[in-house]
> 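The structure follows.
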2 protein chains.
Amino acid sequence: MFSKACEYGIKSTIYIAEQSIDGKRVSIKEVTKAINSPEAYTSKILQQLKKNEIISSDKGPGGGFSIDNITMEKITLKDIVYSFDGDKIYKGCGLGLNQCNAVRPCPVHHEFAIIRDGLTRLLEETTIKSLALQLQGGLSFLKA
Amino acid sequence: MFSKACEYGIKSTIYIAEQSIDGKRVSIKEVTKAINSPEAYTSKILQQLKKNEIISSDKGPGGGFSIDNITMEKITLKDIVYSFDGDKIYKGCGLGLNQCNAVRPCPVHHEFAIIRDGLTRLLEETTIKSLALQLQGGLSFLKA
DNA sequence: TTATTAGGGGACAATATTGTCCATTATTAT
DNA sequence: ATAATAATGGACAATATTGTCCCCTAATAA
């Protein structure tokens with residue numbers, strides 16, 4: 001579904017948001033521990049998230065990553081997915097045709113349109129804050 | 001969504017089925033022309049489909065690939081997807097957790113369950129024959 | 001101003017996926 | 001039998017993705 005990079009990106013963001021709600025900044029090490037991911041690679045992911053203005057970072061002692069409250073309410077899964085995998089998941093053709101639409105559909109176009117629309121809505125409507133709150137409440141988990 | 005191999009696999013199978021309805025066997029060249037795919041790679045894909053008993057092949061002049069009527073009614077998209085990408089698309093966790101279920105869900109588990117169930121049903125219920133007939137009727141297309 | 005802390009970023013390595021090349025085998029028709 | 005046809009299969013190459021290493025920069029505190 002999503003690339004590994006995107007999965008790490010989503011998990012990192014949710015974890016950082018959860019900690020930010022408690023006013024805590026987190027280091028790369030803490031993130032990788034929380035989501036069970038390779039440290040150096042996760043570092044790249046976090047850089048990418050910062051470039052896309054999804055998270056903030058501060059260098060030096062007491063520094064780390066954080067998300068302010070307004071941002072975590074505004075940013076949705078779609079923003080993160082778009083940052084890593086682009087829009088092909090919810091816009092692209094299921095069979096990879098360059099042009100595929102209702103007028104000239106691929107064999108699975110109509111069937112997939114329903115799934116894709118559902119996915120798009122889900123990604124658009126799910127905010128990071130809502131996911132962070134669930135995590136904080138012990139209703140969900142970031143690692144197995 | 002699906003791997004390139006899987007996309008080629010689905011398209012190839014639909015095309016071969018469409019031609020088989022007319023009693024025609026098709027060569028690799030014809031398949032690659034119909035679905036606009038690299039020839040040698042598609043050859044591997046067709047071998048894989050044969051190994052999984054989704055299509056049949058015959059060597060020599062007049063040979064080629066085909067699917068008998070009973071098989072194209074029985075085989076669904078799920079069978080093909082499973083052959084190339086396994087079941088992670090409709091069974092795996094959206095965030096890549098090894099264990100993710102209703103009791104110990106990842107942050108997007110419940111939201112994704114609905115999408116995944118829809119996808120699973122779609123893949124299970126869509127037969128190759130139904131897709132081949134749509135193609136034959138000019139209602140869908142295999143290349144852009 | 002210096003040691004320490006923590007993110008930034010470039011180069012590189014491992015792996016998976018996608019794609020190519022070429023020789024071989026099986027089948028059919030002449 | 002032989003030539004032509006068409007799939008089979010192994011080795012290899014290109015590319016994308018994932019992951020690592022190591023040094024640099026910025027910020028803070030002593």
Side-chain angles (χ1 to χ4, degrees), chain A residues 1-13 15-16 19-20 24-33 35-67 81 83-86 88-89 92 95-96, chain B residues 1-13 15-16 19-20 24-33 35-67 81 83-86 88-89 92 95-96:
Chain A
M1 185 114 224
F2 305 126
S3 67
K4 220 71 187 149
C6 188
E7 286 178 8
Y8 293 148
I10 293 171
K11 286 190 270 193
S12 296
T13 307
Y15 175 69
I16 294 167
Q19 295 304 109
S20 287
K24 292 178 195 156
R25 286 167 201 279
V26 289
S27 67
I28 294 174
K29 271 193 208 307
E30 289 174 286
V31 172
T32 61
K33 207 174 167 185
I35 73 172
N36 192 29
S37 65
E39 185 176 324
Y41 192 50
T42 307
S43 157
K44 309 291 182 191
I45 305 293
L46 297 179
Q47 281 180 43
Q48 180 80 2
L49 287 167
K50 189 190 177 178
K51 272 181 195 149
N52 286 280
E53 300 181 331
I54 290 168
I55 62 175
S56 306
S57 70
D58 295 277
K59 287 185 175 181
F65 295 91
S66 62
I67 310 181
V81 171
S83 299
F84 294 99
D85 297 346
K88 63 178 190 298
I89 311 138
L95 297 183
Chain B
M1 184 117 227
F2 305 126
S3 67
K4 219 71 186 149
C6 187
E7 285 179 9
Y8 293 151
I10 294 171
K11 287 190 270 193
S12 295
T13 307
Y15 176 69
I16 293 167
Q19 296 305 111
S20 286
K24 292 176 196 159
R25 285 166 202 277
V26 290
S27 66
I28 295 173
K29 272 194 208 308
E30 288 174 288
V31 172
T32 60
K33 207 175 168 183
I35 73 172
N36 192 28
S37 65
E39 186 174 323
Y41 192 50
T42 306
S43 156
K44 308 292 181 192
I45 305 294
L46 297 179
Q47 280 179 46
Q48 180 81 2
L49 287 167
K50 188 190 178 178
K51 269 180 198 149
N52 285 280
E53 299 181 334
I54 291 168
I55 62 174
S56 307
S57 69
D58 296 277
K59 288 185 175 181
F65 296 91
S66 61
I67 309 181
V81 170
S83 300
F84 294 100
D85 297 346
K88 63 178 191 297
I89 311 140
L95 296 183

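As the structure is a prediction and not an experimental result, all values here were calculated from the model. Only heavy atoms go into these numbers, but all of them, side chains included; no hydrogens, no water, no symmetry mates. Numbers restart at 1 for each chain; the letters A, B, ... are given by sequence-line order, proteins then strands.
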> Please check this pair: side chain of B:Asp85 against backbone of B:Phe2, looking for a donor-acceptor N/O pair closer than 3.5 Å.
no
> Quick one: CG on B:Leu49 to NZ on B:Lys51, what's the gap to the nearest 0.5 Å?
11.0 Å
> How does protein reach along nucleotides 2-12 of chain C, written 5' to 3' as B (base within reach of a heavy atom under 4.0 Å), S (only sugar-phosphate), or - (no contact)?
---BSBSBBB-
> Can you measure B:Ile16 atom CD1 to D:dA6 atom P for me and round it to whole angstrom units?
15 Å
> What closest approach, in Å, do B:Ser66 and B:Ser20 show between heavy atoms, and which atom pair accounts for it?
CA-OG, 3.3 Å
> How close or far is atom C1' of D:dA6 from atom NZ of B:Lys24, stated in whole angstroms?
19 Å
> Measure the angle between the two terminal helix axes of the helix from C:dT1-D:dA30 to C:dT30-D:dA1, five base pairs each, and quote it to 10°.
0°
> Could you measure the distance from the NZ atom of A:Lys24 to the CD atom of A:Glu30? Nearest 0.5 Å is fine.
9.0 Å
> Using whole Å, report how far CD of A:Glu39 lies from P of D:dT20.
10 Å
> Looking across every strand, which nucleic acid part, if any, lies under 4.0 Å from B:Phe84 by heavy atom: base, sugar-phosphate, or nothing?
nothing
> Could you check A:Thr32 against A:Thr42 for side chain to side chain donor-acceptor pair (under 3.5 Å), going step by step and ending with a plain yes or no?
CA-CA 7 Å; A:Thr32 61; A:Thr42 307; 5.9 Å; no
> Between B:Tyr8 and C:dG19, is there a side-chain N or O to OP1/OP2 distance below 4.0 Å?
yes
> Could you tell me the separation between the OH atom of A:Tyr41 and the P atom of C:dT15, rounded to a whole number of Å?
15 Å
> How long is the straight-line distance from SG of B:Cys6 back to CE of B:Met1, given to the nearest 0.5 Å?
10.0 Å
> To the nearest angstrom, how far is A:Asp85 atom CG from D:dT17 atom C1'?
11 Å
> Between the side chain of B:Thr13 and the main-chain N/O of B:Gly9, is any donor-acceptor distance below 3.5 Å?
yes
> Nearest 0.5 Å please: distance from the CD atom of B:Glu39 over to the CG atom of B:Leu46.
10.0 Å
> Separation of B:Leu49 atom CG from D:dG9 atom P, in whole Å?
14 Å
> What is the distance, to the nearest angstrom, from the NZ atom on B:Lys4 to the P atom on C:dT20?
13 Å
> If I take atom CD1 from residue B:Ile55 and atom NZ from residue B:Lys50, how far apart are they, to the nearest 0.5 angstrom?
8.5 Å
